[in-house]
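For ligands, and for the atoms within them, numbers begin at 1 and follow the listed sequence. This is a predicted model, so every value here is computed, not measured.
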Amino acid sequence: MTASNPLYQALFAPLSGQDRPLLWLADGRMITAQDFHALLARLANVLLDQGVAPGDRVAVQVSKSPEALALYAATVSVGAVFLPLNTAYTPVEIDYFLGNATPKLFVVDPETAPALAPVAATHGARLLTLSGAGTGSLADLAAAQAPVFNPVSRMGDDLAAILYTSGTTGRSKGAMLSQENLLSNARVLADLWRFGPSDVLLHALPIFHTHGLFVASNVSLLTGGQMIFLPGFDLEQVIAALPRATTMMGVPTFYTRLLDDPRLTRDLVGHTRLFISGSAPLLAETHTAFEARTGQRILERYGMTETNMNTSNPYDGDRRPGTVGHPLPGVELRIIADGAEVAPGEVGVIEVRGPNVFKGYWQMPEKTREELREDGWFITGDLGTRDADGYVTIVGRAKDLVITGGFNVYPKEVEELLDSLPGVLESAVVGLPHPDFGEAVFAVLAREKGAEVDLAQIRAAVAERLAKFKHPKGYAIVDALPRNTMGKVQKAELRKTYGAEFTAPRG
Ligand code: AMP
C-alpha cells in the first residue's frame, strides 16, 4: 500500500509514468513529467541513504534548476522539511540559519562549497553539492540510485517547509509551513485563477521564496500544466518565451522592465490569458500602462511567507489597480486598529486566519505568540484598508519593511551593521522610490562627533556581511537623525527629505 503523504500524492505522484512535457528550459531542453518523477525518486533515495528522517531539515542554497525543484519534491516525499535559502546570502548569514535550523543536510553550489563547508561542519550538517547545470556530488549520488521510490507517510499537519523571513529585530524567523498550508492554498489559487493541464506558466521567479516555489510551482504541478522554467528574469529570455506562455507570475519589477521594452506588444502576449503580480505593490500606473500596451489587465494578489496567499483580485470581475482584491475562499481577513475592526476605508493592521496560515516560527515560541493569536488570527504587520465592495488595499507596512526588486529588507538588520562601523554614531535605513526596483535601500548615517565617515570603508564592510540586495544604494551623512518627542527616529521625514534620490532626473 502507498503511504499517505498529501503533497506527494497531489503534486508529484501524478507525474509518474506520464510522457508529457513538464519543464521547458532556457537552453531548449525539455523535461517530461516522468523524467522529473524519476529525478525526484533518485534524489529521495539519496536523502534516505544519507539518513534524512521525517522531520529533519534539508537546507538548500543552490541556483534554480529542474534538479533543485526536484530536490524540494524529494524532500517533501521523504517526509523531511525543505529549507530553501536565498542564493545571495553570505556565509556569515548562512551561519545563523544553520545554527537555528540544525539541518541534517546542506546542499550548496559547488562554487560556494569551499566557503560553506566549515559553516556546515560547525553545525553538524552534511554537505552535498548541486550546480545550476544539475551536476555535483548530490547529482552523482542520485545517478547511482533507482528511479523508483515509495513516499514516506506524513499527515497534512506535518511540516513540509521552513522559509526564513527577515526579522524586525535583525534576525530572520523560520516560518513553519505544513503540507496542508501549502496544499490548501495551491488548490484555492488553481481554482480561482482557472489553472489547468493546457496552461504553460512562464516561471522566471526564484524558487527559494514562497512566490516562485509555492504559488507558481505548486499551482502548476497540481493542475498538470507545463512550465517554461527560466533561471531568473532575463528580459531577452522572457520576451522569447512569452508567445508560448498562457500565464505568467511576476513581481512588479518584471512588469516595469517589460514595459520599458518596445517589443512588449499586444501581439507578443496574444497567447497569454493571465498575468499575475505580487510580493510587492504594483503601481496603479504600471497596471494602466500594461493594459494600454497589451490589452491585458494584470491580476494583483497579496500574500506573505507566513500565510501563503491571502487575497486576490477576481478572475472574471473587476481587477482594480492599486488594490489586492478580496480574501481568498476559506481565508478570513480583518483590519484592526485600537483593538477593534475598522470601518470601511479606515486604516488598520491586516490580520488573517485560515488553513493557509503557518504553524509558527521555528524554535521561537515567544515571537510566535506576538504575531499569531491563540485563536488562529495572524497579525500580518501590513497596514491596509477595505472599501465598501470588499477590495483590500495595502497602504504601508507597520513592520517598516523595504521591498526592493521583490526582496525584503528589514532596515534594522542593515542599521545594526552600520551602527557598528567606525565613525558612525547611529543610522536609519529607509526604502525610497526607485524606478527599477520599486524601492531602493537608502541609509542615513549620523556621524560621531568630530569623526570622519569613510564611505568606501562602509561599503566594503556591507559587501562582506550582507547579501547584495540589502546593500544601501545610496548614503547620506548627517550630524543627527531627526527624532520625535518620544525619541523615535522619524523615518517619514527622512523619506520626504531624500524621497527623490533615485527618481529625480540627474544632471
Ligand atoms: P514575503 O514574506 O517575502 O512574501 O513578503 C510579504 C510582504 O510583501 C507582505 O507582508 C506585504 O508587505 C508585501 N506584499 C506582498 N504582496 C503585496 C502586494 N500585492 N502589494 C503590496 N505589498 C505586498
Side-chain angles (χ1 to χ4, degrees), residues 84-86 88-89 161-168 172-177 181-182 185 189 193 205-216 218 249-256 275-287 298-314 319-328 331 333 335 347-352 356-358 361 367 371-372 378-386 391-411 413 431 433 437-439 467 469-470:
L85 293 162
N86 192 323
Y89 285 138
I162 294 178
L163 263 59
Y164 276 87
T165 68
S166 304
T168 42
S172 291
K173 294 169 285 182
M176 299 189 284
L177 296 156
N181 289 154
L182 304 182
N185 210 237
L189 296 175
W193 297 338
L205 293 159
I207 55 168
F208 51 71
H209 183 267
T210 184
H211 194 167
L213 184 61
F214 300 141
V215 189
N218 283 357
M249 294 187 194
V251 294
T253 315
F254 286 17
Y255 295 104
T256 53
F275 286 96
I276 301 175
S277 178
S279 290
L282 181 80
L283 293 178
E285 62 202 54
T286 308
H287 187 285
I298 299 171
L299 183 155
E300 184 170 7
R301 94 300 180 278
Y302 155 66
M304 56 203 308
T305 301
E306 292 94 328
T307 64
N308 298 282
M309 298 306 103
N310 295 314
T311 74
S312 170
N313 268 281
R319 299 179 194 165
R320 290 197 191 158
T323 81
V324 294
H326 304 109
L328 298 174
V331 177
L333 183 147
I335 300 182
V347 176
V349 174
I350 297 173
E351 299 191 4
V352 294
N356 54 318
V357 173
F358 75 143
Y361 295 112
K367 289 274 175 223
E371 297 184 33
L372 186 58
F378 177 65
I379 306 165
T380 65
D382 288 311
L383 299 171
T385 64
R386 184 155 42 175
Y391 282 79
V392 176
T393 300
I394 314 283
V395 298
R397 294 181 290 266
K399 293 176 186 167
D400 206 17
L401 178 71
V402 179
I403 303 185
T404 178
F407 292 120
N408 291 355
V409 180
Y410 277 90
E413 185 186 8
F437 296 101
E439 279 183 313
F469 67 86
K470 299 178 189 170

Review point. Considering only heavy atoms from C-beta outward, does the side chain of Val349 approach that of Leu383 to under 4.5 Å?
Key: yes
**Study point:** Structural part of Ala280 in contact with ligand 1, heavy atom criterion under 4.0 angstrom
**Key:** backbone
Review point. Looking at ligand 1, does any of its N/O atoms fall within less than 3.5 Å of an N/O of Thr380?
Key: no
Check your understanding: Numbering the atoms of ligand 1 from 1, which are under 4.0 Å from a heavy atom of Asn408?
Key -> 1 (P), 2 (O), 3 (O), 5 (O)
Revision key, fill the gap. Tested for side chain to side chain contact (heavy atoms under 4.5 Å, CB included) against Val324, the lone hit among Leu282, Ile394, Ile350 is Ile394
Revision key, fill the gap. Honestly, for Val324 the part within reach of ligand 1 (heavy atoms, under 4.0 Å) is side chain
**Study point:** Thr305: numbered ligand 1 atoms lying under 4.0 Å from its heavy atoms
**Key:** 1 (P), 2 (O), 3 (O), 4 (O)
Practice item. Run the numbers on Phe254 and Leu205 for side-chain contact (heavy atoms from CB on, under 4.5 Å), then give the verdict. Key: CA-CA 9 Å; Phe254 286 17; Leu205 293 159; 3.8 Å; yes
Review point. Between CG of Asn408 and OG1 of Thr165, what distance do you get to the nearest 0.5 Å?
Key: 8.5 Å
Check your understanding: Is there a side-chain contact between Phe378 and Asn310, using heavy atoms and a 4.5 Å cut-off?
Key -> no
Practice item. Measure the distances from the heavy atoms of Thr165 to every atom of ligand 1 and state whether one is below 4.0 angstrom. Key: no
Check your understanding: In ligand 1, which numbered atoms sit nearer than 4.0 Å to a non-hydrogen atom of Pro281?
Key -> 20 (N), 21 (C), 22 (N)
Practice item. Report yes or no: is the cationic atom of Lys367 (NZ for Lys, CZ for Arg) under 6.0 Å from the centre of the six-membered ring of Tyr361, at an angle within 45° of the ring normal? Key: no
Study note, to complete from the structure: Of Glu306, Glu300, Met304, Met309, the residue with the heavy atom nearest atom 18 (C) of ligand 1 is Glu300
Point to revise | Listed partners of His326 passing ring-ring contact (aromatic ring centres under 6.0 Å, His included), at least two apart | key: Tyr391
Practice item. Would you check the N or O atoms of Thr210, main chain and side chain alike, for any that come under 3.5 Å of an N or O of ligand 1? Key: no
Review point. Would you say His209 has any N or O atom under 3.5 Å from an N or O of ligand 1, going by distance alone?
Key: yes
Review point. Is there side-chain contact between Lys470 and Glu413, with at least one heavy-atom pair below 4.5 Å?
Key: yes
Point to revise | ligand 1 contact by His211, heavy-atom criterion under 4.0 angstrom | key: no
Check your understanding: Quick one: which ligand 1 atoms are inside 4.0 Å of a heavy atom on Ile403?
Key -> 8 (O), 13 (C)
Practice item. Please say whether Ser279 places an N or O atom under 3.5 Å from an N or O atom belonging to ligand 1. Key: yes
Study note, to complete from the structure: Counting from 1 in the order shown, the ligand 1 atoms closer than 4.0 Å to a non-hydrogen atom of Asp382 are 9 (C), 10 (O), 11 (C), 12 (O)
**Study point:** Side-chain heavy-atom pair Ser312, Leu299 within 4.5 angstrom cut-off
**Key:** yes
